[in-house]
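The structure under discussion appears below in the form of structure tokens.
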Amino acid sequence: MELATGFESISRDGWRALAVEVLRKSGIETESPEEALSTATYDGVTVAPLYDLDDLPGDPGLPGEAPYVRGARGTPGWDVRQRHAVADPEAVLADLENGVTSLWLVVGDGAIPVDALEAVLKDVYLDLAPVVLEAGDRVREAAEVLFGRGSEVRGNLGASAVDGPGLELARRCVDGFPGLGAVTVDATPYHDAGGSDAEELGCSIARGVAELRALTDGGLSVEQALGQIEFRYAATADQFATIAKLRAARRLWARVAEVCGAAGGAAAGTAAGTAGHGGQRQHAVTSSAMMTARDPWVNMLRTTLACFAAGVGGAEAVTVQPFDACLGLPDAFSRRIARNTQALLLEESGLGRVIDPAGGSWYVERRTADLAERAWAWFQEIEAAGGITRAAGLVSDRIAATRARRADDIAHRRLPITGVSEFPNVHEKPVRPPTPAQATPETGGLPRIRYAEEFEALRDLADAQPERPTVFLATIGPVAAHTARAAFAANLFQAGGLDTETAGPGADPEQIATAFAVSGASVACLCSTDKLYAQHAAAVATALRKAGARKVWLAGKGDYEGVDGNLYAGCDALAVLRETFDDLEVTR
């Protein structure tokens with residue numbers, strides 16, 4: 001018996017007719033519901049409201065087979081990889097004993113000293129727990145520690161053959177360390193600088209091609225060189241974007257391998273155990289840019305979504321950043337939550353028992369193909385400019401433009417940040433005392449941003465005042481009339497760390513002005529319905545002016561005497577807050 005039995009079938013035209021009617025009732029006149037309901041990503045990929053069989057871009061292949069869209073391996077699950085930047089052998093062993101299956105170690109100044117690396121790994125079975133290094137200019141010394149542990153050591157040395165000792169290290173790996181790779185292509189700096197998904201992908205493929213050229217020019221075969229490279233990508237709370245990005249990345253790298261003439265089959269004698277030569281080895285790490293210092297508990301939700309997306313997207317290894325990563329070095333509790341996030345998804349949710357669960361989704365397959373197309377075009381543009389090194393200016397300018405577009409969306413709260421730009425807790429208590437900052441990777445000259453940082457800077461400024469600055473909400477009419485807009489205005493002002501005080505029900509201008517004077521505020525915001533604004537807004541604004549208000553806002557749209565500006569969904573919240581800080585004479 002088919003599941004659809006008993007349900008009336010409907011065509012796309014039938015859906016379109018129903019959607020047009022619903023939109024019309026919402027005040028939107030359109031003949032194309034697809035156009036009215038579609039959105040576009042920063043890469044220009046259209047996200048439609050409905051997908052069907054006609055949207056499938058073609059056969060994505062099988063898991064573990066070219067073009068590897070459905071996974072570089074034919075097995076489910078992923079490697080739980082925890083990052084450590086402190087020489088703490090006990091913390092490392094605690095992770096490995098409680099669900100972590102590989103280590104990402106930051107070595108060098110401000111992180112794990114090279115001469116402490118051996119002690120950190122003393123009781124770690126490196127044939128069972130792979131180690132990935134991030135050692136910068138100390139990579140040779142750090143690599144020697146791993147080489148000294150025998151030929152069964154597994155992982156990646158994190159070097160570069162373009163501007164580092166990657167070629168030399170790759171030769172040693174090929175000759176005597178079959179489970180060890182030498183080169184990591186880290187795409188996260190492009191993401192952390194504000195780049196889009198296609199920009200991150202295109203830059204990573206360009207960098208990967210540069211590494212491939214350096215390795216093959218140094219005497220390695222194409223197959224050997226491919227086996228030495230691992231890619232690192234950012235995973236965000238936009239789960240479908242992340243799923244599509246990881247799937248598209250494998251498709252792009254498979255095309256590079258094909259063009260380079262790589263032979264098929266498994267890459268024998270490399271770190272790639274079961275993947276074909278063109279199967280990209282992927283390490284996904286939850287995005288640093290999406291993390292917040294304010295209301296950091298929400299980061300647990302963000303990283304859970306990102307980890308889910310990375311697993312569904314087919315990453316071979318996943319790192320969940322601790323929820324308090326923005327506050328300094330993580331403690332035992334936050335590391336435990338990070339690893340248990342992965343354990344829950346792998347074990348309790350059963351996600352680790354399914355290969356490519358998104359495979360065959362009309363939406364996911366279409367979005368994967370569209371993203372791959374745009375990323376490939378960007379990669380070709382970089383290559384035409386001379387490759388990733390010579391195109392540094394082009395890359396920087398392109399990412400800066402995307403960063404500015406995203407910043408504008410964040411400022412206008414079209415891209416909300418829960419706990420920061422939306423639903424802030426202005427009186428939140430610190431999670432824990434501050435600790436030294438975590439070691440951060442090199443960015444190649446690119447800036448390193450967090451999406452929440454401009455709102456959080458205002459929060460910090462408000463917290464630093466002797467008394468928290470306050471905005472008065474001049475509520476007009478009964479509670480039912482003003483509650484919605486008063487809540488909206490309070491939410492906006494509190495996103496900058498400002499407190500709010502409400503007049504309460506009533507419409508008498510003098511009573512509202514008296515309450516304003518008692519509050520000690522110097523900025524007010526009218527909150528009510530459009531109907532009551534027409535009757536009372538001008539009079540209340542005038543009374544507030546006489547009581548000493550430097551600025552009078554109105555929650556909603558409309559031009560009234562005595563009102564300086566409007567707050568509404570889509571207004572520039574950052575500009576409103578900065579202007580309010582000036583009006584409140586907040587000390588900087």
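With values rounded to the nearest 0.5 angstrom, M291 atom CE is found 13.0 Å from I417 atom CD1. To the nearest 0.5 Å, atom CD of residue E34 and atom CG of residue L50 are 7.5 Å apart. We find the CD-CD1 distance between E200 and I399 to be 9.0 Å, quoted to the nearest 0.5 Å. Note that the CG atom of D572 and the CZ atom of R414 stand 8.5 Å from one another [nearest 0.5 Å]. Between atom CG of residue N491 and atom OG of residue S421 there is a gap of 8.0 Å, rounded to the nearest 0.5 Å. To the nearest 0.5 Å, atoms CG (L492) and CH2 (W553) are separated by 9.0 Å.
Looking at V92 and P89, their side chains never come closer than 4.5 Å, going by heavy atoms from C-beta outward. Taking the side chain as every heavy atom from C-beta outward, E454 and I410 never approach each other to under 4.5 Å. Under the 4.5 Å side-chain criterion, counting only non-hydrogen atoms from C-beta, Y451 is not in contact with V420. Residues S102 and V132 are not in side-chain contact: their nearest non-hydrogen atoms beyond the backbone lie 4.5 Å or more apart. No side-chain heavy atom of T286 sits less than 4.5 Å from a side-chain heavy atom of R302. No side-chain heavy atom of L201 sits less than 4.5 Å from a side-chain heavy atom of Y190. In this structure, the side chains of M300 and T341 stay at 4.5 Å or more apart for every pair of heavy atoms. With contacts defined as side-chain heavy-atom distances shorter than 4.5 Å, the pair T470/F493 does not qualify.
For the pair Y533 (side chain) and L526 (backbone), a donor-acceptor distance under 3.5 Å is present. In terms of modelled atom types and a separation under 3.5 Å, the side chain of D43 and the main chain of V45 share no donor-acceptor contact. A donor-acceptor contact shorter than 3.5 Å links the side chain of E456 to the backbone of R294. A donor-acceptor pair under 3.5 Å is formed between the side chain of H482 and the backbone N or O of G477. Between the side chain of Q465 and the backbone N or O of L461, at least one donor-acceptor pair lies under 3.5 Å. R339 contributes no side-chain N or O that, together with a main-chain N or O of Q82, makes up a donor-acceptor pair within less than 3.5 Å. Within the 3.5 Å criterion, the main-chain N or O of H191 finds no donor-acceptor partner in the side chain of Y233. Side-chain atoms of N340 never come within 3.5 Å of backbone atoms of A343 as a donor-acceptor pair (strictly under, hydrogens ignored). Looking at D295, its side chain never comes within 3.5 Å of a backbone N or O of P424 through a donor-acceptor pair. Panel note: side chain R353, backbone P76; no donor-acceptor pair is recorded below 3.5 Å.
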request  = Test D95 against R83 for salt bridge (Lys or Arg N to Asp or Glu O under 4.0 Å), laying out the working first.
outcome  = CA-CA 10 Å; D95 279 343; R83 186 176 187 265; over 6 Å; no

inquiry  = Between E316 and D79, does the side-chain contact (heavy atoms from CB on, under 4.5 Å) criterion hold? Intermediate values first, please.
reply    = CA-CA 6 Å; E316 292 186 35; D79 180 19; 5.9 Å; no

inquiry  = Apply side-chain contact (heavy atoms from CB on, under 4.5 Å) to residues R450 and C326 and explain how you reach the verdict.
reply    = CA-CA 10 Å; R450 286 188 302 107; C326 296; 3.6 Å; yes

ask   = Should K245 and D238 be marked as a salt bridge (Lys or Arg N to Asp or Glu O under 4.0 Å) after you check the CA-CA gap, both sets of side-chain angles, and the distance that decides it?
value = CA-CA 11 Å; K245 178 167 70 175; D238 187 340; over 6 Å; no

inquiry  = Using the rule given for salt bridge (Lys or Arg N to Asp or Glu O under 4.0 Å), can you reason through R448 versus E453, listing the C-alpha separation, both sets of side-chain angles and the distance that settles it, and then say yes or no?
reply    = CA-CA 11 Å; R448 184 180 175 88; E453 61 191 10; over 6 Å; no

ask   = Does the pair L246 and T242 meet the rule for a side-chain contact (heavy atoms from CB on, under 4.5 Å), with working shown?
value = CA-CA 6 Å; L246 295 174; T242 296; 4.2 Å; yes

request  = Before giving the answer on side-chain contact (heavy atoms from CB on, under 4.5 Å), spell out for F455 and T292 the whole-Å C-alpha distance, their side-chain angles and the decisive distance to 0.1 Å.
outcome  = CA-CA 10 Å; F455 278 98; T292 65; over 6 Å; no

task = Mind running salt bridge (Lys or Arg N to Asp or Glu O under 4.0 Å) on D356 and R247 for me, showing each step along the way?
result = CA-CA 10 Å; D356 189 28; R247 298 171 98 248; 3.2 Å; yes

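Contact between Y42 and S196 at its shortest, heavy atoms only, is CB-CB, 4.0 Å. When all heavy atoms of P296 and L327 are compared, the pair lying nearest together is CG-CD1, 4.2 Å. Among all heavy-atom pairs drawn from V552 and G562, the shortest one is CB-O, 3.6 Å. In this structure, R335 and P330 approach most closely via the heavy-atom pair NH1-O, 3.3 Å. The shortest non-hydrogen separation linking T475 to A486 is CG2-CB, 4.0 Å. Nearest heavy-atom pair, G506 versus I512, reported as atom, atom and distance to 0.1 Å: O-CD1, 4.0 Å.
A donor atom on one side chain and an acceptor atom on the other are not found under 3.5 Å apart for T580 and D583. For the 3.5 Å distance criterion, the side chains of T402 and E199 qualify, holding a donor opposite an acceptor. No hydrogens or angles considered: a donor-acceptor pair under 3.5 Å links the side chains of T188 and D186. Side-chain contact annotation: T303 with Q321, donor-acceptor N/O pair under 3.5 Å absent.
Relative to the six-membered ring of F488, R413 meets both conditions, a distance below 6.0 Å and an angle of at most 45° to the axis.
Annotation for E35: atom CD does not count as buried by contact number, only 12 or fewer foreign heavy atoms lying within 6.0 Å. Within a 6.0 Å sphere centred on CG of D109, other residues, nucleotides and ligands contribute 12 heavy atoms or fewer. Atom CZ of R578 has more than 12 neighbouring heavy atoms from other residues, nucleotides or ligands inside a 6.0 Å radius.
R468 and D463 are joined by a salt bridge, as a carboxylate oxygen and a charged side-chain nitrogen come within less than 4.0 angstrom of each other. Using a cut-off of 4.0 Å between Lys/Arg side-chain N and Asp/Glu carboxylate O, E230 and R81 are scored as salt-bridged. Using a cutoff of 4.0 Å between basic side-chain nitrogens and carboxylate oxygens, R485 and D530 are scored as salt-bridged.
Residues forming a side-chain contact (heavy atoms from CB on, under 4.5 Å) with S349 (at least two apart in sequence, or on another chain): L344, L345. Remark: E585 pairs with R550 by the salt bridge (charged side-chain N to carboxylate O under 4.0 Å, His left out) rule, at least two apart or across chains.
Evaluated for a ring pair (Phe, Tyr, Trp, His ring centres under 6.0 Å) with H283, the options F231, W78, W104 yield exactly one hit, W104.
Ring geometry for Y363 versus Y51: interplanar angle of 30 to 60°, hence tilted.
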